[in-house]
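Order of the sequence lines fixes the chain letters, A, B, ..., with proteins taken first and strands second; residue numbering starts at 1 for each chain.
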Amino acid sequence: MAPLTRRTAFPKVLIERDSDSEQSSSEEEEGEEEVLEEEDDGVTTANEKTENLEEDSDIKRKGKAPITISLKKVCKVCKKQGHEAGFKGATYIDCPRKPCFLCKKPGHTTLTCPHRVSTEHGVVPAPRKKTFKPLEYVFERQLRPSLPSIKPKYVIPDQVNCAVVRYHSRRVTCLEFHPTKNNILLSGDKKGQLGVWDFGKVYEKMVYGNIHSCILNNMRFNPTNDCMIYSASSDGTISYTDLETGLSSSLMNLNPDGWQGPNTWKMIYGMDINSEKGVVLVADNFGFLYMVDIRTNHRNGNAILIHKKGTKVVGIHCNPIQPDILLTCGNDHFARIWDLRYIEAETSIYDLKHKRVVNSAFFSPLSGTKILTTSQDNRLRIWDSIFGNMDSPSREIVHSHDFNRHLTPFKAEWDPKDPSESLAVVGRYISENYNGAALHPIDFIDTSTGQLVAEVIDPNITTISPVNKLHPREDILATGSSRSLFIWKPKEKSELVEEKDERKIVVGGRAEKKRGKRNGDISDESDDEVFSSKSKKLKSTKTQRKLSHRSTKDKR
DNA sequence: AGACTATGGACCC
DNA sequence: TGGGTCCCCTAGTC
């Protein structure tokens with residue numbers, strides 16, 4: 001406490017506040033307190049960006065006339081005075097001069113965005129329209145009978161069962177479950193490394209570092225040999241790798257002459273396999289599609305321009321029922337549907353327009369009659385039936401999955417087990433205040449209603465989780481968050497397991513706090529540490545300290 | 001603890 | 001159509 005005598009030694013200080021900041025400070029109690037303390041002491045802090053002092057030294061010496069300090073806060077986003085953007089505790093306050101960070105519309109901020117309260121944002125389902133395209137016939141004959149009508153009760157894997165942290169040396173970019181072995185998860189990272197993890201045995205993990213030289217964008221299992229995988233990379237190659245040995249061969253190299261500058265360097269993002277035709281389909285960052293025959297390892301024909309020339313194609317998906325129907329998406333703001341039998345430039349069956357880059361586009365996993373897209377305009381879109389009117393989506397769901405150059409792009413994915421083909425999982429960008437901690441949940445969304453079914457969090461996961469994959473057979477979610485991998489199971493189920501709900505977290509690799517090791521081999525098994533959720537904390541972050549002190553959820 | 005940075009897309013002209 | 005500049009709720013390292 002400042003002594004009273006000190007107060008009298010200084011002239012009275014008046015603090016002039018902006019009316020704007022006064023209005024916007026309803027949630028800024030902490031900030032206000034600080035200001036009041038400063039007032040008592042008559043001292044200003046470095047936090048105040050500008051201060052207008054009436055610097056009349058005569059008056060100061062006499063100690064008569066009050067000094068007026070104008071506390072004009074400067075926003076770090078728009079550089080304007082009167083408000084501040086940034087975290088206030090665990091809640092982020094938007095710059096009010098910018099469009100809403102969530103829905104991208106001006107006039108309000110994320111805190112007051114209507115889509116923050118309810119994620120439901122549907123448009124009237126598109127009317128069915130009689131067309132005479134071949135898809136119509138496919139639909140009526142093959143697909144319509146298999147469409148389910150009953151909606152199941154969703155089982156949400158909402159508790160971390162085990163994890164490997166610092167497993168990859170760079171952020172995780174893709175995940176894939178093994179098609180037959182239930183406990184095997186494959187992961188790719190930004191450096192091009194491939195991880196093979198047996199999360200049933202937690203410690204059994206392997207990282208192969210010599211397959212690609214940069215971002216591993218996509219993986220697919222060989223449909224006839226599940227020991228082998230195809231992987232597509234930004235190094236411009238498709239590799240064919242034996243999971244047991246890590247030995248790989250190159251199926252295609254789009255940069256045979258090496259680096260000739262950014263204008264010619266080809267990168268492969270989207271990849272899928274048409275098992276009927278026996279071809280691997282990939283697309284590059286210049287808008288071209290390539291097909292490689294699995295049996296002969298030869299390219300089929302020439303590259304076909306499927307998106308705007310010079311733009312990146314990021315996603316390729318073959319229809320699960322009709323593999324010749326192809327769905328692609330990319331940076332030209334379109335998702336497009338093609339028929340592989342008649343494919344050439346500008347022969348797309350439908351062009352699904354988006355407002356921004358389309359990160360992903362997936363057919364629904366069972367019937368293939370719905371399409372789910374993730375676009376950088378912060379909206380998920382669903383086309384209810386690819387056989388209806390495709391002029392507009394049947395539903396748009398506002399959801400925070402902003403583009404950020406430092407994050408793997410978000411991709412909403414279907415739950416492959418949901419017979420109603422409604423449930424989707426997608427990581428969330430904006431954080432939410434959970435007991436004083438800012439955490440980024442993973443959202444489960446019912447795409448048929450737009451409702452948020454569940455948001456799952458774990459205090460150990462403090463980073464954004466853009467990569468999520470639901471298990472094809474079990475109620476398991478795999479998450480890639482920064483360099484770490486997490487396996488989630490439903491709470492009830494976890495308790496049935498013999499080990500109780502003891503969560504295992506393996507810290508793999510270098511630079512773990514007590515070791516101080518640098519440049520260690522991140523796949524070095526001896527570097528592992530196991531933590532159980534009951535006894536120890538993974539690491540005592542601010543977040544966890546806060547969480548351990550509070551028990552109730554105070555959000556919303 | 002704070003500075004630094006890798007790095008992709010939008011938007012401007 | 002292309003180069004320059006800005007974005008600024010990242011994560012990890014030095």
Looking for any heavy atom pair under 4.0 Å, which part of the strands does [X] touch: base, sugar-phosphate only, or nothing?
| X | result |
| --- | --- |
| A/Thr463 | sugar-phosphate |
| A/Ile464 | sugar-phosphate |
| A/Ser400 | nothing |

Nucleotide nearest [X] when distance is taken to its side chain, options [options]:
| X | options | answer |
| --- | --- | --- |
| A/Phe87 | B/dG9, C/dC8, C/dC9 | C/dC9 |
| A/Arg405 | C/dT10, C/dC7, B/dC11 | C/dC7 |
| A/Asn331 | C/dA11, C/dC9, B/dG9 | B/dG9 |
| A/Ser482 | C/dA11, B/dA6, B/dA10 | C/dA11 |

Does the distance from a Lys or Arg side-chain N to an Asp or Glu carboxylate O, for [X] and [Y], drop under 4.0 Å?
| X | Y | answer |
| --- | --- | --- |
| A/Asp189 | A/Arg171 | no |
| A/Lys76 | A/Glu84 | no |
| A/Asp402 | A/Arg428 | no |

Tell me: [atom1] of [X] to [atom2] of [N], nearest whole Å?
| X | N | atom1 | atom2 | value |
| --- | --- | --- | --- | --- |
| A/Lys308 | B/dG9 | NZ | P | 13 Å |
| A/Arg483 | B/dA6 | CZ | P | 17 Å |
| A/Asp189 | B/dT7 | CG | P | 13 Å |
| A/Tyr269 | B/dG8 | OH | P | 6 Å |
| A/Leu439 | C/dA11 | CG | C1' | 16 Å |
| A/Asp402 | B/dG8 | CG | P | 17 Å |
| A/Ile461 | C/dT10 | CD1 | P | 17 Å |
| A/Ile457 | C/dC9 | CD1 | C1' | 17 Å |

Worksheet item: Taking the same atom, P, in B/dT7 and in C/dC14, what whole-Å distance lies between them?
Response: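 Each nucleotide's P atom is 16 Å from the other's.
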Practice prompt. Could you say whether A/Arg356 or A/Lys190 is positioned toward the 5' end of DNA chain B, judged by the nucleotide with the nearest heavy atom to each?
Written response: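 So the residue in question is A/Lys190.
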Discussion item. Once you measure the plane-to-plane angle for A/Phe362 and A/His317, does it fall in the parallel (<30°), tilted (30-60°) or perpendicular (>60°) bin?
Written reply: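 If you compare the ring of A/Phe362 with that of A/His317, the planes turn out perpendicular.
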Worksheet item: Where does the angle between the aromatic ring planes of A/Phe199 and A/His471 fall among parallel (under 30°), tilted (30 to 60°) and perpendicular (over 60°)?
Response: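 Rings of A/Phe199 and A/His471: perpendicular, as their planes differ by over 60°.
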Worksheet entry | Earlier contact from the 5' end, DNA chain C, for A/Asn263 and A/Ser465 |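 Mapping each residue to its closest nucleotide by heavy atoms, the 5'-most match is A/Asn263.
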Worksheet entry | C/dC9 phosphate, OP1 or OP2, under 4.0 Å from A/Lys88 side-chain N/O |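 For C/dC9, OP1/OP2 do not have a side-chain N/O of A/Lys88 under 4.0 Å.
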Discussion item. Is the base of C/dA11 stacked against the aromatic ring of A/His406, taking ring centres under 5.5 Å apart and planes under 30° as the test?
Written reply: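 Answer is no, no stack.
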